[in-house]
Amino acid sequence: MEAFREILWNVPGGPWAIYPVALVVALILLYAGFVRFLDVWRRGKPEDRFHPFWSRIGNFIKLGVVEGLIHRKFLRELYPGIAHLLIFWGCIILLLGAGIDFVGHYWFHSWVHGTPFLIYSLINDIGGILVFIGAIIFIIRRYAQKPGAFQERLDRSNDDLIAVSLILAVVITGFFVEALRIAAVEPGTEAAWSLWSPFGLVISKSFIGLSSGTNLVLHQALWFLHLILAAGAVVYISLFYNKLTHIIVSPANVFLRSREPKGALQPINLEEAETFGVGKIEDFTWKQLLDLDACTRCGRCQEICPAYLSGQPLSPKKLIQSLKEHLLEQSEYPFKIKVPKTSLLIPEADPPRSLIGEVIPEDAIWSCCTCLACQEACPVYVEHINKIIDMRRSLILEQAKVPELAEPILTSIEARGHVVIGTTHTRTDWEEGLEVKHLSENSQVDLVWWLGCQASLEDRSVKIAQAFAKILKAANVNFATLGTEETCCGDPARRMGNEYLFQMQATKNIELLKNYGVNKIVTTCPHCFNTIKNEYPQFGGEFEVIHHSQLISQLMKEGRLKLTSRLNQGITYHDPCYLGRHNDIYDPPRQVLAAIAKGDLVEMERNHWNSFCCGGGGGRFWVEEKQGKRISDVRIEDVIRTNAEIVATACPYCMQMLEDSIKSKNAEESLKNLDIAELVAEAIE
Ligand code: SF4
Ligand code: SF4
């Protein structure tokens, strides 16, 4: 006899036992989605996150494979990553199995017969056991591991316990239903095929000896319990917007993720905007509010955040959860559950609370160095930085509140066009003896070099400019600078929230560059690089922009730079956030260093996308760290652990931050901090 299983065996009414439950669940799902849409997400301001639609679909499928099927981001942390992968794949298998049952019952009856049936049975059993093992790993990790810093990340809540209990209950009742069916069938018929349902078969041994009548009744009762639990799980997920809701919201969040360059902040239309930035929860866009529901509280962003890890008053996870709690506080949605009490909310402030100050403390808003580590780590593509910058915009443009130390910088950009307060240099002093051309004298050049404020005006950083000029000359590059016409690109103003000042700088610079007919720009600063490349196009400034590390690497490959000596010291490389995470430029600086060093480059434990910020981005370069450790001190400890004698950088801000920490650690004798341009200039002399 051919192997098969009667679908809905021993279920009174057959599919009619499922229809009413399915109808109720579908209605609840629709209700929850609709009310949530009207009452919560629609509170936000409009934002177009659907275009380009077909390209989004293609990208979503690609990401579905990389982040969903392969779990790229989850598996960066092996233990929880594997647990999630097991549950994910197990659920996919079980859902596909249910789908095959459904289709096989109504249309393709032959599907669940013979060998395909046996394989299907085995795969279904494996699906169930994967979910079971994954859920057990989660329970051990969450409830049995020793307390410590790790627990702070997990912030256990009843919600988590209910979620994992529901998953386990559905899977276990599923196995018992299968086991009772196996125990009930006549020996010699289906029993032989039961070997293909090994886990159900093992459990079925415990029912040997039950009378056939008892077995059938028990099977029916458990089948209904299994159905109610599965339906209850869907209702719980959809209605209560708990941790498991990410099954629905997170894929939507991935589909709607920003398609702009990672390093670009979105502009404010200064002429039409009624308010600037976000001062209350409704000022966020609907997509920013959707982000709050998509967050699963996994803590990956918090665990990688340099501000949090160095003891500053900011945790990206808590920031998102506090915003979510505040949003729900204001919502009429009847099925709210409380998020765990680990948020940034100021506890003594009773609702209604002000968004800035009581929900998100100002200190937290100013503690972010916009390093992007949180967003790179987040498996569901929550966007933290735009929310933080939007709140800074409100503080600066609506409330005129700027951190004390940062205020002179904004004034200096406005008044003098640069950020180097107290400098005695002019924009061209560094050129002495180097015969550098300016565009005002000759605009027939292949390349325009944008120096940035630090490299042209700050004592230590001008050495980077001098070194890079030597390299360009050695390689016979036809280049010019803007000389005294160059002004701040506007990055510090934009990251501090002064969008007005940024747009003023951007439009002025774009006009200047366009007047000279500039096409290609090289920068010595990753912040200028990111701003001109990714943000100037928002104002009509389309230029080809490369970073000096890319150009040096290219010149070396073309054989235009001849090395006369090679570095004999141990060397490590610090990835600047605005070059690495913001623009995915990781290899060119390493290729340059590999070419000039005799030995291998020693990587720090945290490198590439996982690199630890120097603490100088997002305007933090000028803001004093009042709490915890200095972020750059933490990074220098990373450097010292490599035993390298040189830490190479490719950003003048990183250089100054790290150099200060080398001094504060009294490590000047054993550790030097040099830009890759300085190292190459030395090697070609
Ligand atoms: S951008 Fe960096 S500093 Fe800011 S919250 Fe994210 S990880 Fe923390
Ligand atoms: S924002 Fe992303 S990384 Fe952070 S806790 Fe939420 S889901 Fe996890």
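As the structure lists them, so they are numbered: ligands from 1, and atoms in each ligand from 1. It should be emphasised that the depicted structure is a prediction, and the values quoted were computed from it without experimental measurement.
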| message | Can you list everything that forms a side-chain contact (heavy atoms from CB on, under 4.5 Å) with Ile139? Sequence neighbours excluded, please. | response | Tyr143, Val164, Leu168
| said: At less than 4.0 angstrom from any atom of ligand 1, which residues have a non-hydrogen atom? List them by chain and residue number. | reply: Cys305, Pro306, Leu314, Pro316, Cys368, Cys369, Thr370, Cys371, Leu372, Ala373, Cys374, Ile385
| message | Looking at Phe276, I'd like to know if the NZ or CZ of Arg393 sits under 6.0 Å from its six-membered ring centre while staying within 45 degrees of the ring's axis. | response | no
| said: Taking Lys665 first and then Asp633, would you say they form a salt bridge - that is, a charged N and a carboxylate O separated by under 4.0 Å? | reply: no
| query | Do Lys317 and Tyr308 meet the cation-pi criteria used here (NZ or CZ under 6.0 Å from the six-membered ring centre, within 45° of the axis)? | reply | no
| Does the Arg257 side chain pair with the main chain of Val380, one donor and one acceptor, at a distance under 3.5 Å? | no
Name the atoms and distances for all side-chain donor-acceptor pairs under 3.5 Å in residues 608-618, with sequence neighbours left out.
from   : atom 1 : to     : atom 2 : distance (Å)
Ser611 : OG     : Asp575 : O      : 3.4
Ser611 : OG     : Arg635 : NH2    : 3.1

| task | Decide side-chain contact (heavy atoms from CB on, under 4.5 Å) for Leu256 and Trp286; before the verdict, give the C-alpha distance in whole Å, the side-chain angles of both, and the deciding distance to 0.1 Å. | result | CA-CA 11 Å; Leu256 297 163; Trp286 65 268; 3.8 Å; yes
| field | Per-atom contacts, ligand 2 versus Cys295 - under 4.0 Å to a heavy atom | value | 1 (S), 5 (S), 6 (Fe), 7 (S)
| query | Looking at residues at least two apart in the chain, or sitting in another chain, which of them share a ring-ring contact (aromatic ring centres under 6.0 Å, His included) with Trp622? | reply | Tyr653
| Going by the atom numbers of ligand 2, which of them fall below 4.0 Å from some non-hydrogen atom of Val382? | 1 (S)
| said: Which of the numbered atoms in ligand 2 are under 4.0 angstrom from any heavy atom belonging to Arg297? | reply: 5 (S), 6 (Fe)
| Subset of ligand 2 atoms that lie under 4.0 Å from at least one heavy atom of Thr296 | 6 (Fe), 7 (S)
| message | Test of understanding: given a 4.0 Å heavy-atom threshold, classify the contact between Val380 and ligand 2 as side chain, backbone, both, or neither. | response | side chain
